[in-house]
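Here's the structure we're looking at; comments come further down.
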Protein chains: 2
Amino acid sequence: MANATLKKIAQVLEISVSTVSRALKDHPDISAGTKQKVMELAETLEYEPNAVAVNLRSKSTKVFGVMIPSITNNFYDSFVNAVEEEVKKAGYSLMILQSGDDPVTEIDNLKIYRQNRVSGVFVCLSKETTKIDAFDKMKDAEIPVVFFDKVPDDNAYDRVCLADKDAAEMAAEALLQKQKKNILAIFGNTQLSITKRRLEAFKESMKQNTAVNVSYEFAGNSEEADNIAQRYFQLKQMPDAVFCMSDEILVGLMKCVQQLHIKVPSQTGIIALSDGYFPKIYYPEITYVETSGYRLGKLACERMMECLKGKEETTELFVSSRFVEGGSL
Amino acid sequence: MANATLKKIAQVLEISVSTVSRALKDHPDISAGTKQKVMELAETLEYEPNAVAVNLRSKSTKVFGVMIPSITNNFYDSFVNAVEEEVKKAGYSLMILQSGDDPVTEIDNLKIYRQNRVSGVFVCLSKETTKIDAFDKMKDAEIPVVFFDKVPDDNAYDRVCLADKDAAEMAAEALLQKQKKNILAIFGNTQLSITKRRLEAFKESMKQNTAVNVSYEFAGNSEEADNIAQRYFQLKQMPDAVFCMSDEILVGLMKCVQQLHIKVPSQTGIIALSDGYFPKIYYPEITYVETSGYRLGKLACERMMECLKGKEETTELFVSSRFVEGGSL
DNA sequence: ATTATTTTCGCAATCGTTTGCGGGTTTGAA
DNA sequence: TTCAAACCCGCAAACGATTGCGAAAATAAT
């Protein structure tokens, strides 16, 4: 007998619905005998509370929204993985929606979250998003929003980010340490604030040593990174090191490395910013500065939980970076 | 004024809740004038129907569950991606839960789905799952379940699968076609039915030519595949071709190929079963038989929609395979 | 002018659960 | 024996939206 309700139990036992409800919650008002009977019948009837009704009554769902540009992306995966793991402990589930990097879809998705009365939303902005006033509606609806990775500039929002500045600096330092003189640095889409931050920090670090020649290039995807690398490695004067801002770029570079049979690290050194999966699939393993989606997810959860119990002012939090030695530099 | 309800609108306009409800739905019973006023006020109050209340009333949510072992897996990603894309068109959202390959978590998750009254569930069984009677409860609750990828043997369930048999055969044929004589075939966990199916079909195809020597090996992850490959490629008599049952195995093999500087395809040929992403990150690109998570997702959705409008008997459906030429064989 | 019809809207129940309040019954104390 | 205090339990409202049914008001038909 599936879909048993309090009412059914009450009818069978010829008691009231409220008594059944309280008995199942071990309320002191109810006698041991009644509790016994109710619990047993609930068991045999396989009673399971209707979460929808509970949500309506309590005016809150045990669901968080997660909006990402695309789910087929290693970095977001680890983020979502961490979040799912973490919120499950508190009895929450996840409603995942993809924006497809489309601002219109993004707004539609917010509406879905509002209508479903989610308890909070984790958002990674789409590449194309410029105006973020749509998110003010979430505030009106009293649904906390924690931005991650691609976050708005506005200090009025809660944000958790990778320590892009630190990470880029660490990578730059490592390159200088190794006495590299002719560096190819490949970055992603310049529109993104993440690119800006990493680029700026990298450039700043490079200023330390003016004897170093750095070529800055930008690739929107792996294929473009591959093409750029092809150009540079066919020059008479090959780069003696390559910096990759992301996994996407690293993958493109490595395809070129394989094609041209470039010896790593003897002919050229490689360092990347990465979540950690891709660096380990190559030989030698790539030296990288970890920008962990997983840890970002954990941090985002912490912040979300704080928001749920009366948030104070908004903050911007960072996940620290970690240098991971491979054999590529 | 967020969180407006029908009641608030009704109070302001001094009309009944039912009239407001009907006006917003353009019900013929309501006069044009009233509709006008209601619509306008709803607009300015930014009224948005409470999905939770609607769900309770209608006894159905516009949410599907998706349960996978882990979200950090390319194949499942493409599956989820396809499903999300597809069901969004029909106004559905996704509730994603990971089983972590743990049967107990799997059962807990089913409970969550039941309590949340999802409209249906897509399930990929965990590696460890042996008993599937827990899924009968879903039938009692009248929640359709569509299994995908790792599915139960029982014909009593709806299943969509990759055409594993076809795919393995196509790969085997390709190897024979290329006159390979000393083949290393690496498969995954033998517990999994997917492994069994692929292995069986591969072996069957290989019987055609008894002059071919095939070594069968099994790897639970990339590292094991790497180790196996290391062993074989340090033999005097190197394999002249390698078959990889999955991306995981391909990645392990390729690390070995890079380390030992094995020339592909001149020294050894490679063919894999894959979703398509990983084969393209190597040079030369790997020849593979496509086992598309994306197309599997689309197929699963089709089946789910049929289930929703009175399913007939259960079926097992397959996604066809496609041979994709790379430069590795 | 009276009856019939249409237009327009409200009442109340429903989905399943929770909870404040009040009332009846039993037990104990005076 | 009587009054008070526990002890149990049910009534009813609430969450927000939907809908069958009935009724009042307005219009049309006779």
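Residue numbers begin at 1 in each chain, while the letters A, B, ... track the order of the sequences.
- Taking atom CG of A:Asn50 as the reference point, atom P of C:dT18 lies 10 Å away to the nearest angstrom.
- Closest contact between the side chain of B:Ser16 and the listed nucleotides D:dA17, C:dC11, D:dC15 involves C:dC11.
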With 3.5 Å as the limit, what N/O pairs link the protein to nucleotides 24-28 of chain C?
none

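- In this structure, A:Ser58 reaches neither bases nor backbone, as no heavy-atom distance under 4.0 Å exists between it and the strands shown.
- The interatomic distance linking B:Lys7 (NZ) with D:dA17 (P) rounds to 10 Å, in whole Å.
- A salt bridge links A:Glu306 with A:Arg303: the distance from a Lys NZ or Arg NE/NH1/NH2 to an Asp or Glu carboxylate oxygen falls below 4.0 Å.
- A donor-acceptor contact shorter than 3.5 Å links the side chain of A:Lys35 to the backbone of A:His27.
- Both key distances under 3.5 Å define a Watson-Crick or G-U pair, and stretches of 3 or more such consecutive pairs in DNA chain D run C:5-30 with D:1-26.
- Take B:Arg159 and apply the salt bridge (Lys or Arg N to Asp or Glu O under 4.0 Å) test, not counting sequence neighbours, and it matches B:Glu316.
- Between B:Phe79 and B:Phe148, the angle of the ring planes stays under 30°, which puts this pair in the parallel group of the 30/60° scheme.
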query = Reading nucleotides 19-27 of chain D from the 5' end, what letters show protein touch, with B for base, S for backbone sugar-phosphate only, - for no heavy atom under 4.0 Å?
reply = BB-------

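- Screening A:Leu162, A:Val123, A:Ile68 for a side chain to side chain contact (heavy atoms under 4.5 Å, CB included) with A:Asp149, the sole residue that qualifies is A:Leu162.
- Here the side chain of B:Thr105 pairs no donor or acceptor atom with the backbone of B:Asp101 at under 3.5 angstrom.
- Aromatic ring pairs are classed by plane angle as parallel below 30°, tilted from 30° to 60° and perpendicular above 60°; the pair A:Tyr92 and A:Phe64 is parallel.
- One can place CD1 of B:Ile9 at 8 Å from P of D:dA17, the figure rounded to the nearest angstrom.
- Side-chain atoms of A:Thr315 do not come within 3.5 Å of backbone N or O of A:Leu317 as any donor-acceptor pair.
- Within the 3.5 Å criterion, the main-chain N or O of B:Glu84 finds no donor-acceptor partner in the side chain of A:Gln98.
- Applying a 4.0 Å cut-off to non-hydrogen atoms, none of the residues of residues 111-118 of chain A approaches DNA chain C.
- Atom-to-atom, NZ of B:Lys59 to C1' of D:dT18 comes out at 14 Å; the value is rounded to the nearest Å.
- Remark: P of C:dT8 and NE2 of B:His27 are 12 Å apart, rounded to the nearest angstrom.
- Partners of B:Arg114 under the salt bridge (Lys or Arg N to Asp or Glu O under 4.0 Å) rule, at least two apart in sequence or in another chain, are A:Glu48.
- To the nearest angstrom, C1' of D:dG16 lies 15 Å from CG of B:Leu45.
- Take the nearest nucleotide of DNA chain C for B:Leu56 and for B:Lys35: the residue whose nucleotide is more 5' is B:Lys35.
- Using a cutoff of 4.0 Å between basic side-chain nitrogens and carboxylate oxygens, A:Glu86 and A:Lys89 are scored as salt-bridged.
- Heavy atoms of other residues, nucleotides or ligands lying less than 6.0 angstrom from CG of B:Asp133 number more than 12.
- Protein atom CD1 of B:Ile15 is 14 Å distant from nucleotide atom P of D:dA17, rounded to whole Å.
- Between A:Pro49 and B:Ser31, it is B:Ser31 whose nearest contact on DNA chain C lies nearer the 5' terminus.
- C:dC9 atom C1' lies 15 Å from atom CD of B:Glu14, rounded to whole Å.
- A distance-only check finds no donor-acceptor pair linking the side chain of B:Tyr47 to the backbone of B:Lys8 [under 3.5 Å].
- Between the side chains of A:Lys88 and B:Asn109, a donor-acceptor pair is found at a separation under 3.5 Å.
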